[in-house]
Amino acid sequence: MIKQTRNNRALFDLRSFGISGTGFFICLALLLALASASGQTLAPTRKAPHNEPLEFYDNPPAPPRKIEISPRMISQFGPFVSHQVNVDANGNNIIGDAANECAISVDPTDGNKMTIAWRQFNSVLSNFRQGGWGYTTDGGTNWTFPGVLQNNVFRSDPVTKSDEVGNFFYLSLQSDVNQSFFCDDLWRSTNGGQTWVERSPDRGAGGGDKEWFTIDKTGGPGHGFQYQADDGINCSGGGVQFQRSTDGGVTWQAPIIIPNSPVYGTLDVDTNGNLFIGGEGNTFYCVRSSNAQIGGQTPTFDRVTPVNMGGDLSFGGINPGGLTGQCFLAIDRSGGPTNNNIYMLASVVPPGRSTTDVMFARSTDGGVTFSAPHKVNDDPLNPSKWHWFGTFSVAPNGRLDAVWYDTRNAANNTDSQLFYSWSTDGGVTWAPNVAVSNSFNPFEGYPNQNKIGDYITIVSDATGGNVAYAATFNFNPNRSQHEEDVYYVRVSPTGTPTPTPRLQGAGAPSGGSLLEWSYLEQHRHLSQRRADCHCAEHPRVLHR
């Protein structure tokens with residue numbers, strides 16, 4: 001008998017297409033033929049699942065092992081420099097571990113201080129994951145990885161946020177071998193992410209898989225309130241739910257069902273204290289609560305708006321055991337002409353396709369209506385190309401920064417690069433796309449599960465964006481393949497390494513536009529990129 005686990009789930013998911021008997025094998029043969037033409041066998045792509053957990057306790061903790069290290073990876077592409085985050089106490093890469101699903105937060109009072117949380121796998125031989133994190137005090141050039149929130153405790157789906165005075169918060173999903181619960185707890189750091197203290201007791205924050213949360217940083221009655229939403233696989237046993245904390249995450253009020261069950265989406269608060277949740281149900285929705293900010297009232301949802309995002313969230317394909325993107329909602333609080341615009345962005349599969357585009361929609365009337373979907377990736381339509389893990393954020397001055405994984409430059413249609421675009425007119429137009437990382441193979445380094453997580457994140461400031469993403473730049477000589485690690489990169493419309501000095505690309509322009517130079521660099525790198533990406537292919541391995 002075959003046990004259905006996260007590793008073979010993609011094969012079983014063929015049943016959701018209604019394929020059986022001879023038709024199954026014909027379809028499978030066609031899929032394999034198409035995949036072999038591109039050099040990689042891809043799992044089928046299907047609509048993102050509802051009422052089914054994304055997290056599974058499949059393996060026990062990995063046994064103790066001899067730790068091997070190599071120099072940390074600093075991967076430069078033009079003026080953009082990606083710094084490895086999940087390094088040991090001496091700043092070295094840890095060979096044989098894995099890290100993904102990275103969530104970044106920035107101290108708004110000091111942009112040099114940031115924290116990134118991720119799913120930490122101590123060995124790729126086990127998919128037992130824990131709540132890892134790192135912090136920086138120098139703007140992302142050097143990172144410290146102190147360890148995990150709790151040793152040998154299964155944790156996943158990390159989300160971090162900062163408040164307006166620089167406290168960091170870490171919401172973490174917890175479960176156990178019996179899968180008897182999918183519950184959250186909330187942690188706080190008052191020293192820039194160096195240490196964390198649990199605010200709610202273990203599993204005391206309710207929530208579930210996949211949870212997102214936000215903090216009300218406006219000056220209204222809900223100031224400091226924390227809000228979270230999940231996808232229905234949760235601590236209380238069912239339904240896509242919303243929860244609120246009015247005491248900084250110490251206690252969480254009873255869950256409330258969200259209308260139309262939007263899942264895999266984020267939350268934000270406008271300048272009037274109204275809460276908005278974006279996600280996908282039978283279509284995408286933007287859901288509002290205008291009284292969640294009133295502590296003495298039970299939150300209700302008084303507006304539910306369908307949103308056309310030009311396609312659906314998907315599962316499989318280039319990320320066989322995971323999603324190809326989630327839905328991100330963010331609100332402009334700049335005080336300018338775009339103030340209180342509501343924006344939604346997601347990597348979706350358009351009708352008739354099996355690959356993804358990054359699509360964007362906006363509301364200028366408080367979520368009553370939304371614009372038609374706009375495609376952010378600007379390469380010519382090619383049904384073999386992927387634009388996945390799209391995410392974005394809104395800067396304090398109203399600029400939008402979007403990043404995603406992109407295969408447009410890959411001959412095999414699967415090697416991916418981090419790409420970037422921005423908008424200064426509320427998303428009406430977007431700047432020509434710019435590659436900001438070397439290419440990497442997303443299929444290597446799997447920690448005994450076939451995915452590189454389910455999302456990446458970005459936080460913007462006045463001059464640029466701070467990105468946390470997973471990539472496979474480091475080479476593991478023991479397995480003859482690359483490994484999943486977490487990276488930080490600074491992006492900006494000018495390409496300059498603000499707010500703190502960082503390495504500049506050799507030959508970076510002293511005049512002219514970043515775009516002109518970047519496109520020349522991209523062409524120059526086409527023949528060289530593989531070598532650049534494998535610069536640590538034969539690292540000096542140390543034992544300890």
Side-chain angles (χ1 to χ4, degrees), residues 5-14 28 31-46 54 56 58-59 73 75 82 86 95-102 118-119 121 123-127 129 314-325 347 349 354-356 384-390 404-419 437-456 469-487 529-537:
T5 68
R6 197 53 184 266
N7 294 330
N8 56 37
R9 175 170 294 269
L11 295 177
F12 285 85
D13 285 338
L14 281 167
L28 183 60
L31 287 168
L32 293 174
L34 289 171
S36 62
S38 66
Q40 174 66 45
T41 301
L42 296 183
T45 303
R46 66 177 174 109
L54 293 178
F56 293 87
D58 291 327
N59 301 151
M73 175 59 69
S75 180
S82 294
N86 59 319
I95 296 176
D97 73 344
N100 58 41
E101 281 190 8
C102 29
W118 64 81
R119 302 193 312 164
F121 304 82
S123 170
V124 292
L125 301 180
S126 170
N127 65 34
R129 51 266 200 200
S314 65
F315 183 99
I318 198 167
N319 198 34
L323 301 175
T324 55
S347 289
V349 177
S354 60
T355 56
T356 47
S384 298
K385 301 299 183 181
W386 294 84
H387 314 87
W388 54 299
F389 275 18
W404 64 93
Y405 294 157
D406 199 302
T407 71
R408 71 180 68 179
N409 292 326
N412 62 6
N413 297 323
T414 56
D415 281 356
S416 299
Q417 293 174 275
L418 189 72
F419 263 68
S437 82
N438 288 296
S439 64
F440 62 92
N441 182 343
F443 302 108
E444 293 191 328
Y446 287 149
N448 202 34
Q449 60 171 205
N450 297 330
K451 68 176 184 176
I452 193 168
D454 288 310
Y455 55 88
I456 59 176
Y469 72 106
T472 61
F473 299 138
N474 277 310
F475 187 76
N476 181 344
N478 300 325
R479 305 188 77 208
S480 296
Q481 64 172 247
H482 295 80
E483 55 187 19
E484 293 180 2
D485 294 299
V486 171
Y487 291 88
R529 186 175 295 124
R530 177 67 67 178
D532 289 344
C533 185
H534 294 184
C535 60
E537 189 152 329

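Heavy-atom basis, side chains included; hydrogens, waters and symmetry copies ignored.
The CH2 atom of W388 sits 5.0 Å away from the OG atom of S416 when rounded to the nearest 0.5 Å. One finds the CG atom of D58 at 9.0 Å from the OG atom of S126 (value rounded to the nearest 0.5 Å). Taken from CG in N476 to CG in D97, the straight-line distance is 9.5 Å, to the nearest 0.5 Å.
Shown here for F315 and P320, the closest heavy-atom pair between the two residues is CE2-O, 3.7 Å. Residues T472 and I452 share a closest heavy-atom pair of CG2-CD1, 4.5 Å. Residue G317 comes nearest to L42 through the heavy atom pair O-CD2, 3.8 Å, listed as atom of the first residue, atom of the second, then distance. Minimum interatomic distance between F473 and S439 (heavy atoms only, all atoms of both residues): CE2-O, 3.8 Å.
In this structure the side chain of Y455 never reaches within 4.5 angstrom of the side chain of C102, judged on heavy atoms. When side chains are defined from C-beta on, N100 does not count as touching D485, because their heavy atoms never get closer than 4.5 Å. At a threshold of 4.5 Å between non-hydrogen side-chain atoms, the residues L418 and S82 do not count as touching. Looking at heavy atoms from C-beta onward, I318 lies in side-chain contact with F443 at the 4.5 angstrom threshold. By the 4.5 Å heavy-atom criterion applied to side chains, Q417 and N409 are counted as neighbours.
Checked against ring-ring contact (aromatic ring centres under 6.0 Å, His included), F121 has no partners two or more places apart in sequence or in another chain. Judged as a side chain to side chain donor-acceptor pair (under 3.5 Å), and not counting sequence neighbours, T407 has no contacts. Residues passing the salt bridge (Lys or Arg N to Asp or Glu O under 4.0 Å) test with E101 are R119, K451, sequence neighbours excluded. Applying the side chain to side chain donor-acceptor pair (under 3.5 Å) criterion to Y487, with sequence neighbours excluded, gives N474. Judged as a ring-ring contact (aromatic ring centres under 6.0 Å, His included), and not counting sequence neighbours, the contacts of F389 are Y405. Every residue meeting the salt bridge (Lys or Arg N to Asp or Glu O under 4.0 Å) condition with D406, not counting sequence neighbours, appears here in chain and number order: R408. Scored by the ring-ring contact (aromatic ring centres under 6.0 Å, His included) test, W386 finds no partners at all (sequence neighbours excluded). The side chain to side chain contact (heavy atoms under 4.5 Å, CB included) search around V349 returns T45, S314, R353, T356, not counting sequence neighbours.
Using modelled atom types, no side-chain atom of Q481 and backbone atom of E444 make a donor-acceptor pair closer than 3.5 Å. Listed for the D454 side chain is a donor-acceptor partner under 3.5 Å among the backbone atoms of L323. For the pair E483 (side chain) and G96 (backbone), a donor-acceptor distance under 3.5 Å is present. Here the side chain of S347 pairs a donor or acceptor atom with the backbone of G390 at under 3.5 angstrom. Counting only distance, with no hydrogens or angles, the side chain of N413 and the backbone of K385 share no donor-acceptor pair below 3.5 Å.
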Practice task
With side chain to side chain contact (heavy atoms under 4.5 Å, CB included) as the test, would you mind laying out the steps for V124 and Y446 before giving the verdict?
Solution key: CA-CA 7 Å; V124 292; Y446 287 149; over 6 Å; no

Practice task
Dump the intermediate steps for side chain to side chain donor-acceptor pair (under 3.5 Å) on N59 and N448, then the final yes or no.
Solution key: CA-CA 9 Å; N59 301 151; N448 202 34; 2.6 Å; yes

Exercise for the section: Go through the steps to decide whether N86 and W118 satisfy the test side chain to side chain contact (heavy atoms under 4.5 Å, CB included), and finish with yes or no. Expected result: CA-CA 9 Å; N86 59 319; W118 64 81; 3.6 Å; yes

